[in-house]
Amino acid sequence: MSQQDGWDAAAAPTPIGQDAPPHPDAAHNVAPQVLPGQSWMPAGPTPGAPRVLPFGLTSSDGTTALRMVARAFLPVLVVLTVLMAVLAQIVLPDGHGGSLADWLRTAVALMALSLGGRIVAHGTVDVGDAAAEVSAGVRLIPLTITLALLILTARASMRDERQRPSTGPAGLAARSVTTGLVAGLAMGAAALLGRTSSLYGLDLGGELGSMRGGMSLGAGALGTLLGTSVFVSLAAFVARTAAARSLPPLPGPAPSPTSDRAAELFWVVRALRTFAIGLLVAASLFLLVTLLYQAAVADDLDGNRPQQLAVLLALGLNGVLAIALGALAVPLALAASGYGESNPWLDMFDGSVGSAGGRSLTLLDYKPALLALLVTVLVTMGTAVRRSLHEPVPVAPGRAVQPAAVVGLGAGLLAALLLRVALDTSSSGSMVMAGDIGGSASASAGPSLLWAPLLGAAWAALVVWSVRFGPTLALSMPPRVARAVAGRRIHPEWAGALAGVADAPAGRRSAGLRAGLLAAAGLAVLCVVAAIAVAVVNAVVLTPQAAAEEYLDAMADGDVRGVLGSLRDAPGSDRGLLDPDVVASEDFTPISDVSVGEVDDSGDYATVQVSYSVGGDRVEDTIDLAVGEKRYGVLRTWQVSEDLPSVEVAPEEVLAAEIAGHRLSEGVHPALAGGYTVHAVHHALLTAQDSSFVVTTDEANGPTLNPTVKPEAVTGAKEAVRKRLVACAEATELPLSNCPFFQSLWSTPELTGMRLAITKTPEFSLEYDPYAGGLTISTVTDGEVRVTGTETTTYSFLEPDVRPYDEVLEFDVDGTVRGTGENFTVEFDEW
């Protein structure tokens, strides 16, 4: 390998001052020094040296790679295992804290996820008459663990490269791939051995109702092997390349100058690295402030803190990268699809059913999020100033825009792929009366794979192009601001220009640009202050507790309009109990002494514990709320998501009910929480005591009227029955109409000169009959009537028989009394 290729450094000995001892293979791998004018001749193999393999590998590279992988992966495995053990003992119920095997399996699964693998579940499930084979997989890359693994791998690779320099690019790449393959095989084997059907004391098959086969859970071995191999190989290659370039060159001819294209690309990468670091720092600060805000102000992290803390630690880098992509206006893409089929019974209709859906969330969905673009612009300007002040004459950005776009496109696509969460499931089985059944479903969430590369390329090109104006921006800024943005590595020529003692190497001072920068800075500060004020108002003032208290205060004040305005779904046209006359009447007692307690906030929904008094009794209740539309686009609003309290009126079987002069029809009526007194509607025969009841926000209620016959109606009806009996007793001939006499005889005699005399007055009771619409007469004891007169019995072939008639007959007075007052009518039952 020639010095012009830059790999002389790879063959150099360990630099002076480096304490690492020479590796046993160093004597074999280090290329001999070539003096000017001499030709290089390969030396013969050293006795006892490791056997040389293709691509410059040696027989010891495998064991070295295994040792490097162990040093990089085992510390992470130990830390994750301990973390899982601690969390299991804190979070899981007694008896499910798990064992060392459970903690190791979980740690291996997390490491597999972080390197591109999947968590997979597979098994057989029987539910009733259905049996199915089920398979599911979830892919999520916790980049925090990924970063830890790759950093440790890179350190080990860099150390090995400095101790045993590679002979050239092919050998360096081969060593990197060897390290990746060793790591992949190790993680694949661990994932395969970590598959289990029992985890933390739970039988997965039993929990899912499995009757045969059971369920197994763990990381996918193939995906883990491939993902680990690729990730580790790339990390090792980058680290070895950086180590090789950092070694001092060997004595010999000077290397040829680097091409302009390579210099441009190197400058582009440095500029975009500055931009990326600035954006990630801003995203990290935003995430940190958000977490502190949620924990200290909004209390959204109350409860389940150990689980949430573990998730935040594992996915912290994911959150930072997602915020950074959001600041670039990359939309979040959500997609889901499903497919199912059944045969043979459903083939006649259409044996397969499929569906798919998706949604894209952008900064426009939440207007204050557009401030993220302002942050990105500020980071872009800071990058332009920083890169300009670090070099006397920066590389012409016009030529560098195209490679910048290419780098940005690749970075955007890679970031979107790393943040993608994917779920896929499939099942196949059989069911009685449906035959074979099957189905599959998949879902994914993450930055748009279309817009992430495009916007990444656009922003990268803009960042590099903005360096053109970096000198002018730096000169137009206040010197202290320019120095703070540039940091400590300001080029001496620029240091003098900023101090005003020397001319600037490039750019010019612009009073208009300075005024514009000051105005933009003021606007940015104003936006930040406004955003903080809005966040504080949303967290402290516009809270679920405040909305619930406002809702109940409106009820206490009888403010129907205010109550309805607090509801997400206001009732329709039925406003019977919400009528102002009802609310202002003495028949309604509003709630009082409203008190708001704890809140269970789950993001867009909340439940508030409340209490209030009704008629001297204390009531404990809850109010369910949901986030409503933004006020002015930024202020959060809460609306009561439950229905108004209600009063249920039973069908009018006997008496109708009224309140404040308003008759209540049967059904359910919306009402305010409080006490109600309902009266019976005027009835000619019936009356009822007033019904008082309490309605709360969580419990419906209604009136209960127990009707009784009015005393005056009972007296009048009994008198009407007696008068009717007296009228019947005054009759002198038969037949009688609407009279209870002679009903116990088989036939009525033929009497002349008949006289009737009631010798025993019957006793009876009266009850209201809603179907007859009157009072039912029920005989308690029969009466007796004496009948006298002359009876004539007629025969067909004999003379009529005439004789005196004197009998005492029993009779009852069963029947009905209708009418009111003086207009009572009595109807006796006829046999």
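Formation of a donor-acceptor pair under 3.5 Å by the E161 side chain with backbone atoms of S166 is found in this model. A donor-acceptor pair is defined here as one N or O able to donate and one able to accept, closer than 3.5 Å; no such pair exists between the side chain of W103 and the backbone of V82. Judged purely by atom type and a 3.5 angstrom limit, H390 has no side-chain atom pairing as donor or acceptor with the backbone of H491. The backbone N or O of V485 lies less than 3.5 Å from a partner atom in the side chain of R386, making a donor-acceptor pair. Distance alone, capped at 3.5 Å, places no donor-acceptor pair between the T425 side chain and the A136 backbone. Using modelled atom types, no side-chain atom of S233 and backbone atom of V230 make a donor-acceptor pair closer than 3.5 Å. Side chain of D160 to main chain of S157: no donor-acceptor pair is present (N/O by atom type, distance under 3.5 Å, no hydrogens or angles). Of the possible donor and acceptor atoms, one in the side chain of S216 sits under 3.5 Å from a partner among the backbone N and O of H122.
Here the closest non-hydrogen pair linking P75 and A70 is CD-O, 3.8 Å. The shortest heavy-atom contact between S466 and V463 is OG-O, 2.6 Å. Between M158 and A242 the shortest heavy-atom distance is CE-CB, 4.1 Å. The minimum heavy-atom distance linking N318 with T144 is given by the pair OD1-N, 4.2 Å. Minimum heavy-atom separation, A400 to V464: CB-CG1, 3.7 Å. Of all heavy-atom pairs between A452 and G412, the closest is CB-O, 3.5 Å.
Electrostatic pairing of D424 and R139 does not count as a salt bridge here, judged by no charged N lying under 4.0 Å from a carboxylate O.
At least one side-chain heavy atom of S114 sits less than 4.5 Å from a side-chain heavy atom of L149. Put simply, the side chain of L143 reaches to within 4.5 Å of the side chain of L419, judged on heavy atoms. Between L140 and L315 there is a side-chain heavy-atom pair separated by less than 4.5 Å. No side-chain heavy atom of V232 sits less than 4.5 Å from a side-chain heavy atom of M187. Considering only heavy atoms from C-beta on, T81 comes within 4.5 Å of L100 through its side chain. In this structure, R71 and T153 have side chains that are not in contact, with every pair of non-hydrogen atoms separated by 4.5 Å or more. Counting only heavy atoms from C-beta outward, the side chains of L454 and V330 never approach each other to under 4.5 Å. Looking at heavy atoms from C-beta onward, D61 lies out of side-chain contact with T179 at the 4.5 angstrom threshold.
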Worked verdict on T228 versus M111 for side chain to side chain contact (heavy atoms under 4.5 Å, CB included): CA-CA 9 Å; T228 304; M111 293 176 65; over 6 Å; no

Side chain to side chain contact (heavy atoms under 4.5 Å, CB included) assessment of W451 paired with L325: CA-CA 10 Å; W451 287 106; L325 288 177; over 6 Å; no

CA sep, side-chain torsions, deciding dist, call: V467, S388, side chain to side chain contact (heavy atoms under 4.5 Å, CB included): CA-CA 7 Å; V467 178; S388 298; 3.9 Å; yes

Working for side chain to side chain contact (heavy atoms under 4.5 Å, CB included), residues L115 and F73: CA-CA 12 Å; L115 294 172; F73 279 52; 3.7 Å; yes

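For F286, the CZ atom sits in a loose shell: 12 or fewer heavy atoms of surrounding residues, nucleotides or ligands are nearer than 6.0 Å. For R195, the CZ atom counts as densely surrounded, since its 6.0 Å shell holds more than 12 non-hydrogen atoms of other residues, nucleotides or ligands.
In this structure, T146 OG1 and F231 CZ are separated by 6.0 Å, a value rounded to the nearest 0.5 Å.
Judged purely by distance below 3.5 Å, without hydrogens or angles, the side chains of S442 and S337 pair a donor atom with an acceptor atom.
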